[in-house]
A.B. asks: 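Can you keep this structure in mind? I'll have questions shortly.
Residue numbers start from 1 in every chain, and the chains themselves are labelled A, B, ... in the order their sequence lines are given, proteins ahead of strands.
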Amino acid sequence: MKVSIIGASGYTGGELLRLLVNHPEVTLDRITSESNAGSFVHMIHPNLRGFNIKFSSIKESFDSDLVFFCLPHGVSMDYLREFYDTGVKIIDLGADLRLKDKDVYKSWYGLDHKCPELLEKAVYGIPEIHREEIKKTKLVANPGCIATSMIMALYPLRHLNIDKERIVIDSKIGSSASGDSFSASSHHPERSRAIRCYSPIYHRHIAEVEQETGFKVTMAPHAIEMVRGIFTTIYLFLNQPYDEKEIRGIYRDFSENNKFFRVVKQKKGIYRHPDPKILTGSNFCEVGFELDRENRRMIVFSAIDNLMKGAAGAAVQNMNIMYGLEEDTGLKYIGYHPI
Amino acid sequence: MKVSIIGASGYTGGELLRLLVNHPEVTLDRITSESNAGSFVHMIHPNLRGFNIKFSSIKESFDSDLVFFCLPHGVSMDYLREFYDTGVKIIDLGADLRLKDKDVYKSWYGLDHKCPELLEKAVYGIPEIHREEIKKTKLVANPGCIATSMIMALYPLRHLNIDKERIVIDSKIGSSASGDSFSASSHHPERSRAIRCYSPIYHRHIAEVEQETGFKVTMAPHAIEMVRGIFTTIYLFLNQPYDEKEIRGIYRDFSENNKFFRVVKQKKGIYRHPDPKILTGSNFCEVGFELDRENRRMIVFSAIDNLMKGAAGAAVQNMNIMYGLEEDTGLKYIGYHPI
Amino acid sequence: MAECPECSCIIEIENPEVGDIVECSECGIELEIISLDPLILEIAPEEEEDWGE
């Protein structure tokens with residue numbers, strides 16, 4: 001199928017392009033970037049040297065079956081309706097279609113939604129939850145990266161008797177999650193080795209967790225010494241005692257139905273809990289846990305590559321599902337060890 | 001074809017296994033590690049979770065067409081003759097077969113060679129130099145990682161009028177190049193952010209450079225803040241003036257005949273010279289240069305991933321050539337950006 | 001097809017027009033088409049990019 005990427009000069013667009021150039025079923029149509037139109041992609045994404053792909057402009061003609069939107073939130077909205085009306089399939093990696101309720105959207109993003117009628121048409125792009133709907137839709141809202149790491153860990157526990165009002169989440173985030181625009185705070189001497197909490201409590205991805213799991217969470221993201229990767233630590237209060245086998249069983253069943261979901265809780269080896277370090281470039285989400293039976297508490301760990309399962313990898317996974325392909329087509333990436 | 005890895009618990013063996021599990025023409029036979037026999041591979045290489053491969057012992061029966069040796073130098077020698085005599089194809093990723101002259105071997109490794117008769121049967125495993133011989137041999141000596149980065153940059157210049165006795169090489173090396181055995185100096189608080197020159201002048205890989213290019217080099221490797229990657233800076237004294245187009249032409253021709261060799265010298269973008277950062281996990285060698293015409297000097301840059309083009313990637317490339325396959329079969333890995 | 005005056009890489013140009021700015025795929029320099037027949041490229045005036053170092 002012929003696909004285009006709108007806004008391909010950013011990290012998400014670049015990662016998506018890396019996946020698409022080696023995807024067996026895909027031929028590329030337009031790879032747009034207004035500021036770089038006419039220039040070679042590898043001047044921005046050096047890992048794509050040798051492919052000789054050029055950026056084009058969104059104003060040029062399209063001949064695509066599916067279009068990926070990798071535009072900042074608020075900008076996507078300007079083009080979504082125009083493209084949707086042409087009948088083309090769309091996967092929006094931005095935030096404009098993630099929240100079903102335009103008032104909730106306004107409260108988190110401070111913008112009036114320009115195409116609210118698309119909100120209930122869009123399917124939230126976590127296949128592990130919405131696989132059947134994704135098969136039938138023409139419009140997918142790719143989830144936020146931190147949201148993905150939280151939802152993948154919490155959703156399988158939705159039937160447990162836990163205090164759904166008191167969930168504490170402490171997330172550690174790689175610098176690539178804030179995109180390629182640089183600032184004083186991203187200047188190497190200031191950013192290197194920092195442990196910097198940013199937008200605690202009011203991080204936008206929280207809204208997606210509540211929408212998808214019904215859990216009310218408090219979350220604080222911390223930028224740490226990492227480029228790719230999200231490591232999320234979730235603190236749960238249980239209303240009744242559970243034992244390890246029960247919890248592990250729940251997660252194991254979930255992994256049996258979802259090939260990109262892995263349970264990691266080992267007694268041996270260096271990597272006994274999930275670790276984004278070894279997931280780099282792969283589409284896996286690894287979840288583990290530690291149970292404090294007496295005090296009825298549990299800690300759950302969740303690790304992903306924010307540019308893969310948290311963005312481009314999930315987008316290709318959604319595309320595969322929309323076209324009835326094997327879900328891991330063009331996504332058979334294994335992490336590297338050591339890295 | 002059926003292949004085995006002998007000594008698969010180390011970083012090179014693990015990287016080779018990562019490539020082989022996704023190689024279209026390969027089925028795995030034995031994956032040995034004496035200390036881990038019977039245990040799952042992913043306890044040592046967590047990125048290989050989900051493949052359920054177990055380590056076996058070298059004492060068990062083999063049914064392989066080709067065997068990769070990933071044993072420390074000196075240990076390989078104990079098994080090489082035994083396996084060679086069975087007629088199986090061998091690629092030795094260790095150092096025991098790299099130096100053609102057993103006395104040179106002894107001077108660099110301090111050991112008497114146990115199977116000197118294999119030395120002239122073994123082909124030095126840089127396809128960009130020995131492609132035709134590799135097609136016909138049953139025994140390949142995979143080159144050293146730093147040696148690879150130096151030879152790939154110097155070999156194309158072998159006909160230039162340069163002072164072949166005065167070549168200065170300053171190499172920056174990732175920690176994975178010293179393998180998985182830990183020590184006081186590899187302890188994180190001591191190793192993190194270190195810039196530590198180790199075995200200057202007498203580094204063993206120098207012998208391979210002189211053997212393959214005829215150039216006499218002085219080299220000092222520096223361990224820096226990097227896990228994967230080698231960045232080699234080569235300082236050359238020219239006996240006559242050359243201009244940029246000539247040098248670029250030489251390297252461009254070399255890259256046209258060798259798909260894993262790339263010339264990188266750009267006027268634009270962040271990555272204007274080679275950088276191992278964006279080659280992580282790929283089998284490319286990137287070479288660039290800067291010419292000082294008036295003073296008849298030149299600096300050449302060479303970047304590789306020490307575990308890929310410097311080890312496992314080259315080994316698979318050699319295997320592909322030995323079996324008449326496309327050279328990049330199972331090696332179509334693109335670097336990641338950002339990483 | 002034309003040769004980049006900076007690095008002599010051969011550049012393919014679809015429907016070239018005089019005055020167009022094209023980019024060399026190998027060295028990334030910006031080039032201006034100054035004639036069509038024969039197709040000739042000249043290094044386009046561009047401010048020296050600040051390396052930030």
Side-chain angles (χ1 to χ4, degrees), chain A residues 10-11 14-15 17-19 21-22 36 39-40 42-51 174-177 179-180 192-193 225-229 255 259-260 262-264 266-275 277-282 284 286 305 307-308 332-339, chain B residues 10-11 14-15 17-19 21-22 36 39-40 42-51 174-176 179-180 182 192-193 225-229 255 259-260 262-264 266-275 277-282 284 286 305 307-308 332-339:
Chain A
Y11 291 149
E15 181 73 345
L17 190 50
R18 173 180 75 83
L19 298 177
V21 292
N22 269 340
N36 297 288
S39 175
F40 282 100
H42 60 264
M43 292 301 164
I44 302 286
H45 305 302
N47 58 325
L48 295 177
R49 283 180 182 134
F51 286 94
S175 54
S176 66
D180 62 353
S192 177
R193 298 214 161 198
E225 184 58 36
M226 186 165 61
V227 171
R228 279 179 182 237
S255 80
K259 56 176 80 174
F260 288 116
R262 281 204 296 228
V263 191
V264 174
Q266 291 176 193
K267 294 265 182 247
K268 210 174 133 188
I270 297 169
Y271 301 84
R272 302 181 179 205
H273 296 298
D275 189 340
K277 177 179 166 70
I278 50 145
L279 298 179
T280 304
S282 83
F284 292 106
E286 286 188 348
D305 175 336
L307 291 177
M308 281 298 284
K332 290 187 168 46
Y333 293 91
I334 300 175
Y336 295 156
H337 169 254
I339 188 164
Chain B
Y11 291 150
E15 181 73 344
L17 191 51
R18 172 179 76 83
L19 300 176
V21 293
N22 268 340
N36 298 288
S39 171
F40 282 105
H42 61 263
M43 290 302 166
I44 300 288
H45 305 302
N47 57 325
L48 296 177
R49 283 180 183 134
F51 286 93
S175 54
S176 65
D180 62 355
F182 50 87
S192 175
R193 297 214 161 198
E225 184 58 38
M226 186 163 63
V227 171
R228 279 179 182 236
S255 78
K259 58 177 81 175
F260 288 115
R262 282 202 297 228
V263 191
V264 174
Q266 290 177 192
K267 288 267 177 206
K268 204 174 149 184
I270 297 168
Y271 300 85
R272 302 182 179 200
H273 295 298
D275 188 340
K277 178 180 167 68
I278 49 145
L279 298 178
T280 304
S282 82
F284 292 106
E286 285 188 350
D305 176 335
L307 290 177
M308 282 297 285
K332 290 189 169 48
Y333 294 92
I334 300 174
Y336 296 155
H337 170 255
I339 186 164

A.B. asks: For B:Ile44, which atoms come within 4.5 Å of any heavy atom of chain A: side chain, backbone, both, or neither?
C.D. replies: backbone
A.B. asks: Can you tell me which portion of A:Ser175 sits under 4.5 Å from chain B's heavy atoms? Options are side chain, backbone, both or neither.
C.D. replies: neither
A.B. asks: Tell me, for A:Arg228 versus chain B, whether the close heavy atoms (under 4.5 Å) come from the side chain, the backbone, both or neither.
C.D. replies: side chain
A.B. asks: Between B:Glu286 and B:Ile278, is there a side-chain heavy-atom distance shorter than 4.5 Å?
C.D. replies: yes
A.B. asks: Can you find a heavy atom in the side chain of A:Tyr336 that is under 4.5 Å from one in the side chain of B:Thr280?
C.D. replies: yes
A.B. asks: Taking B:Val264, B:Asp180, B:Asp305 one by one, which has the highest count of heavy-atom pairs under 4.5 Å against chain A?
C.D. replies: B:Val264
A.B. asks: So which of B:Arg193, B:Lys277, B:Lys259 has the biggest tally of heavy-atom pairs under 4.5 Å with chain A?
C.D. replies: B:Arg193
A.B. asks: Given that the side chain runs from C-beta out, which part of A:Phe51 has a heavy atom under 4.5 Å from chain B: side chain, backbone, both or neither?
C.D. replies: side chain
A.B. asks: Which one of A:Pro46, A:Gly269, A:Gly335, A:Gly50 has the most heavy-atom pairs closer than 4.5 Å to chain B?
C.D. replies: A:Pro46
A.B. asks: Select one option (side chain, backbone, both, neither) describing which atoms of B:Tyr333 are under 4.5 Å from chain A's heavy atoms.
C.D. replies: side chain
A.B. asks: Quick one: does NZ or CZ of A:Arg49 land under 6.0 Å from the six-membered ring centre of A:Phe40, within 45 degrees of the ring axis?
C.D. replies: no
A.B. asks: Under 4.5 Å heavy-atom distance to chain A, tell me which part of B:Arg262 shows up: side chain, backbone, both or neither.
C.D. replies: side chain
A.B. asks: Heavy-atom distances under 4.5 Å only: say whether B:Leu307 touches chain A with side chain, backbone, both or neither.
C.D. replies: side chain
A.B. asks: Within the distance-only criterion (no hydrogens, no angle test), does the side chain of A:Asn47 pair as donor or acceptor with the backbone N or O of B:Leu279 below 3.5 angstrom?
C.D. replies: no
A.B. asks: Would you say A:Ser176's side chain and B:Pro338's backbone share a donor-acceptor pair under 3.5 angstrom?
C.D. replies: no
A.B. asks: Counting heavy-atom pairs under 4.5 Å with chain B, which one of A:Glu15, A:Met226, A:Gln266, A:His42 comes out on top?
C.D. replies: A:Gln266
A.B. asks: Any idea which heavy atoms bring A:Ile334 and B:Arg18 closest together, and the distance?
C.D. replies: CD1-O, 4.0 Å
A.B. asks: Keeping A:Arg272 on the side-chain end and A:Lys267 on the backbone end, is there a donor-acceptor pair under 3.5 Å?
C.D. replies: yes
A.B. asks: Checking side-chain polar atoms at under 3.5 Å, does A:Lys332 have a donor or acceptor matched by the opposite partner on A:Ser282?
C.D. replies: no
